[in-house]
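For reference, the structure is listed below as structure tokens.
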Amino acid sequence: MKLLKIGSSPSCNVVIGSPYVSGVHAELTLLDNGEIFIEDKNSTNGTFVNGQKLTPNVETAVRRGDKITLGNVDLQWHQVPVLDNPSKYKSIFNIGTSHRCDINIDSQFASRYHATIFVDKKGNCFIQDNDSKNGTEVNGNKIAKGKKVPLKHSDQVVVADVDVTEQLKPLIPNPYGWVKKVIIGFGAAAVILGIAFGIYKLWPGPRTEFNLSEAQNSVVMVYGVYSVYLEIENNPIDDEIWTEFINKTPGRLQVTQASYTGTAFFLDRDGRMGTNRHVAVPWEYVPDDSTKKWRKEADELLRSNLKEVYSDNDLGILVNSALWPAIFNQTKPQINGIKPLNALIRQIMNAKFNIVGELDYFGIAYPGRMYSSLDEMARCNMLDYSESRDIDLALIQLNDPHTPESVSWVFDPANFSTEKIEVQKDALTWIGYPNGLAWALDPKIQKLRPQVRETMCSSMPSKYYFDIQGEIVGGASGSPVFDSETGQLVGVAFASRVGGSTYGCAVHAKYLKEMYDKETK
């Protein structure tokens, strides 16, 4: 079960920015069996289902796809998550203060649908906190909201301020119950089995199971500084004059220098990482407005510099010197004065300029570490990026091509999902660094930590990318999007779109696999 609050308040699960929508306008209740109920929370402008106004504080059954209007805004159903298919599990139990819950608790600190217990068909058990007000603890540690956390028969579980351990024990399969029977019935044989089991658990075999904490360690923050230049074609000014008075590189004029952040993730043990094309070559994504502004500023700067370099007196000297042909690339004229200068300025102003860029600094920062300067980050280089801007992908690598030992798990391209992703089918997760250091630094210990967000595919995928629920804020570009249960990469986040509601986009993982295979073969 899941409760979704809908309204204009930022604390709502589904936020609608409209003056006609109340802070908490309505609530949607999603049941495990697929039923959905909506309840108007005494809103100012009412809630309508297929044109019929609802009675406040009374639940009404609805179906996914019904036209639900809140004030003057229609609910976008892609904002409403689809719960796990119950057929995937052997059993599901809900904990909360609602009468619908399997374990009903009486506490002013607990939420109506506080937490859910999932038991899969193999007997594995998980607990999930349903974005509750006061959280859920397992063995004294508060678990992340919305994430399925493995749960053992012996674990202590506290929901808000209520210990529900004993109530859960009958519901959680005990994988060691058979051991107790063996001990009672067979004595010594059980000891032998216990020893054998212990050896099996300690045996250092290959690790293939997915662990979210290890996946977080493999996702790094990219920090870059780049310069943008206007490069003139067929530059009429002599290189020596240009480098002495205008810029150190002949024919180039630096128009800006900028820093930025992004996200990348390790693909192998040789320091290779996946990220976005626009993280690797950001100057190629400069908007047209900036280009026009830079060109205007460059014109003014060049005009000013040329007048300073080629003053009337200087022109008189140059006209009578052997330098004139070298500077103006023409035979020595017979006239003095400002006319040759104006002709040169016109030639410069009418010249074609190209935008070129260079990375002045490119490095990565690891999660869980403290950083006080750029020197502490690991320097990187670019291996390859897609030719087409439609495929926003790039490969980068550590200058020291060795993935550190602290990264125990990588997104192996051999395990990428290359199948077409289906809408609202599988629970997905992305890990990244939205807003860079502003959000990534832990305010208490000043260590870097990534954001972990749950999502789903929200519309029919196109050839190159698919849409996902939730916003991809700057800095999260390059975040891996993967299956929440297996860790299998399905895409790489690259942008946000705004169209009634905000959602993100991710490039299909198969294109990154193609690029990686080409690089490593």
Side-chain angles (χ1 to χ4, degrees), residues 210 212 214-224 260-282 284-285 359 362-367 377-399 401-404 407-418 421 428-434 450-453 455 464-466 468 472 474-483 486-495 504-521:
F210 172 65
L212 183 59
E214 292 182 348
Q216 291 182 57
N217 286 336
S218 72
V219 181
V220 297
M221 188 188 77
V222 175
Y223 186 89
Y260 67 101
T261 61
T263 300
F265 52 97
F266 280 101
L267 302 172
D268 56 26
R269 306 306 308 178
D270 296 322
R272 296 187 187 91
M273 293 165 277
T275 188
N276 286 148
R277 186 183 192 274
H278 74 265
V279 173
V281 285
E284 293 194 7
Y285 294 80
L359 283 171
F362 195 52
I364 63 166
Y366 297 102
M377 295 185 182
R379 295 297 295 269
C380 299
N381 62 83
M382 185 174 60
L383 292 179
D384 192 18
Y385 59 88
S386 54
E387 295 181 5
S388 170
R389 290 179 57 163
D390 292 328
I391 306 175
D392 197 348
L393 293 173
L395 285 176
I396 62 177
Q397 185 175 35
L398 292 171
N399 285 0
H402 298 93
T403 302
V407 179
S408 57
W409 191 89
V410 298
F411 290 90
D412 187 351
N415 297 325
F416 283 6
S417 172
T418 56
I421 192 167
L428 304 177
T429 299
W430 65 263
I431 302 174
Y433 295 88
Q451 299 283 315
V452 181
R453 305 283 176 84
T455 186
Y464 298 114
Y465 64 88
F466 57 95
I468 55 176
I472 301 298
S477 295
S479 298
V481 182
F482 53 91
D483 186 286
T486 66
Q488 187 179 41
L489 191 82
V490 299
V492 182
F494 71 93
C505 305
V507 184
H508 291 294
K510 69 175 184 177
Y511 295 108
L512 183 60
K513 177 175 171 57
E514 291 174 1
M515 186 180 295
Y516 179 86
D517 290 345
K518 177 184 175 183
E519 175 66 29
T520 56
K521 69 179 180 180

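This chain uses plain numbering: 1 for the first residue, then up along the sequence.
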- Query: Which residue pairs pass the salt bridge (Lys or Arg N to Asp or Glu O under 4.0 Å) test with at least one member in residues 507-521, sequence neighbours excluded?
  - Reply: K513-D517
- For T263, side-chain hydrogen bond (donor to acceptor under 3.5 Å, both in side chains) partners two or more places apart: none
- Task: Using ring-ring contact (aromatic ring centres under 6.0 Å, His included) as the criterion, list what pairs up with Y511, not counting sequence neighbours.
- Result: Y464
- Query: What salt bridge (Lys or Arg N to Asp or Glu O under 4.0 Å) pairs are there with at least one residue in residues 383-397, not counting sequence neighbours?
  - Reply: none
- Residue set satisfying side-chain hydrogen bond (donor to acceptor under 3.5 Å, both in side chains) with N217, at least two apart, ordered chain then number -> none
- Which residues pass the side-chain hydrogen bond (donor to acceptor under 3.5 Å, both in side chains) test with N415, sequence neighbours left out? none
- Item | Residues which pass ring-ring contact (aromatic ring centres under 6.0 Å, His included) with F411, listed by chain and number, not counting sequence neighbours | F265, W409, F482
- Note on the structure: Y285 meets the side-chain hydrogen bond (donor to acceptor under 3.5 Å, both in side chains) criterion, sequence neighbours left out, with R277
- Query: Looking at P404 and L398, what are the two nearest heavy atoms and their distance?
  - Reply: CD-CD1, 4.2 Å
- Report yes if some heavy atom in the side chain of I431 is under 4.5 Å from a heavy atom in the side chain of S218; otherwise report no. no
- Task: Mind checking the OH-OH spacing from Y223 to Y260? Nearest 0.5 Å is all I need.
- Result: 10.5 Å
- Task: Could you give me the CA-CA distance, side-chain angles and deciding distance for I421 and H508, then say whether side-chain contact (heavy atoms from CB on, under 4.5 Å) is met?
- Result: CA-CA 9 Å; I421 192 167; H508 291 294; 4.2 Å; yes
- With side chains defined as the heavy atoms from C-beta onward, is the minimum distance between Y433 and T261 less than 4.5 Å? no
- Message: Checking D270 now: which residues fulfil salt bridge (charged side-chain N to carboxylate O under 4.0 Å, His left out) with it, not counting sequence neighbours?
- Response: R272
- Query: Minimum heavy-atom separation for Y516 to P413, with atom names?
  - Reply: CD2-CG, 3.5 Å
- Item | Counterpart residues, side-chain contact (heavy atoms from CB on, under 4.5 Å), relative to V410 (two or more places apart) | F266, R269, V407
- Task: Heavy atoms only: give me the nearest F362-I396 pair and the separation to one decimal.
- Result: CE2-CG2, 3.7 Å
